[in-house]
Protein chains: 2
Amino acid sequence: MSKMHKEHTLTKNQQIIFDLIDKSPEPMKAYSILFNVQKKGINAPLQVYRALDKLVEIGKIHKIESRNAFIACHNSSCQVAKATAFSICEICEKVTEISSTGLSKYLANFKDKDGMKYSKYNLEFFGLCKKCTLK
Amino acid sequence: MSKMHKEHTLTKNQQIIFDLIDKSPEPMKAYSILFNVQKKGINAPLQVYRALDKLVEIGKIHKIESRNAFIACHNSSCQVAKATAFSICEICEKVTEISSTGLSKYLANFKDKDGMKYSKYNLEFFGLCKKCTLK
DNA sequence: TAACATTATGTAATAATATAACATTAATAT
DNA sequence: ATATTAATGTTATATTATTACATAATGTTA
């Protein structure tokens, strides 16, 4: 059930940065990450971006493209690391990863007019979260 | 059939920038737009970004978030300007707007675990276009 | 039309996001 | 062991986007 993510041993920098993102309740931006890990000896933007690139590549984190921010993957049944779906609250900016078998099947099987299938996708839904709807 | 887009009279800067994007076969980036319109008296990034913001708002163009680039809307039957779907070729970077009634209906009606619906979305599919598949 | 509000413009400065280039070190695989 | 690949460290720079402030054009209402 949880071996869907092939195990990668993270390097020191990758682990430091993953831990930080994983603990964060909201997506983190690169320079905010940098600021937070400077006490641990990571001094330069490139060190952060390299770790982020790798973590995205192996599916431990996802990038929220519309926000230039990174969030830990909480979708252990995700079969294709690069097929992602999120909901984003336009008021409080809360971001939630969507794990819907129906949705992922629908999108994985979607064909365009030419019959082409696209294995990877990134879907971002925008609207109001429950809390903000009630306000 | 084509009155789905409420008519907005574009201002001079908006028209110049829309025409440029509309003629471009591929998505354009802000500073590339700036370079191209400097001969028409648009000198500063902010002038470009302001026009882009407005054009996105009224649905004349869309932003390809994963590429920080802008493309004209070629989807005249699009009912909700902010519900967008694209395919992106990872080799040649060709971007195509997807207009599939099935897809847009499916996504417009999608509910998350809490039963929340999200009116707006941005979907980017990644893969190989027809040409690049044949290579 | 005058007064007011709203939207768009122009310009300069700067903030925020991301990569190039190069030298070095660590880990992995014959 | 040595060749290869992946990760690190550092400096500089490129790219993308916004803040702040002054002015002009447009729309609205009395």
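Fair warning: this is a prediction, and the values are worked out from it, not measured in the lab. The figures here come from the full heavy-atom set of this structure, side chains too, leaving out hydrogens, waters and symmetry mates. By convention in this document, chain letters (A, B, ...) are assigned in the order of the sequence lines, proteins followed by strands, and residues within each chain are numbered from 1.
With sequence neighbours left out, the ring-ring contact (aromatic ring centres under 6.0 Å, His included) criterion links A:Y106 to B:Y106. For B:S66, the side chain to side chain contact (heavy atoms under 4.5 Å, CB included) criterion is met by A:E65, B:I64, B:I88, B:E124, B:F126, not counting sequence neighbours. Applying the side chain to side chain contact (heavy atoms under 4.5 Å, CB included) rule to A:E26 yields the partners A:S24; only residues at least two apart in sequence or on another chain are considered. Every residue two or more places apart in sequence or in another chain was checked for a ring-ring contact (aromatic ring centres under 6.0 Å, His included) with A:Y49, and none qualifies. In this structure, the side-chain hydrogen bond (donor to acceptor under 3.5 Å, both in side chains) partners of B:K113, at least two apart in sequence or on a different chain, are A:S99. Residues satisfying the side chain to side chain contact (heavy atoms under 4.5 Å, CB included) criterion with B:S104, sequence neighbours excluded, are B:Y121. By the salt bridge (charged side-chain N to carboxylate O under 4.0 Å, His left out) test, B:R67 is found to be paired with B:E93, residues two or more places apart in sequence or in another chain being considered. Here B:F86 pairs with B:H62 under the ring-ring contact (aromatic ring centres under 6.0 Å, His included) rule; sequence neighbours left out.
D:dA6 atom C1' lies 11 Å from atom CD of A:E57, rounded to whole Å. Rounded to a whole Å, the NZ atom of B:K12 is 16 Å from the C1' atom of D:dT26. One interatomic measurement links the two molecules: CG of A:N13 to P of D:dT10, which rounds to 11 Å at whole-angstrom precision.
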### Task
Using a 4.0 Å cut-off on protein heavy atoms (strictly under), produce a 5'-to-3' string for nucleotides 13-23 of chain D with B for base contact, S for backbone-only sugar-phosphate contact, and - for none.
---BBBBB---
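The stretch residues 29-40 of chain A participates, sequence neighbours left out, in no side-chain hydrogen bond (donor to acceptor under 3.5 Å, both in side chains) pair at all.
With respect to the salt-bridge test (charged N to carboxylate O, under 4.0 angstrom), the residues B:K120 and A:E90 qualify.
Nucleotides of DNA chain C with any atom under 4.0 Å from a heavy atom of chain B span, from 5' to 3', C:dA8 to C:dA12.
Proximity of A:T11 to the phosphate of D:dT8: a side-chain N or O atom is located under 4.0 Å from OP1 or OP2.
Each end of the helix from C:dT1-D:dA30 to C:dT30-D:dA1 yields a helix axis from five base pairs, and these two axes differ in direction by 50° (to the nearest 10 degrees).
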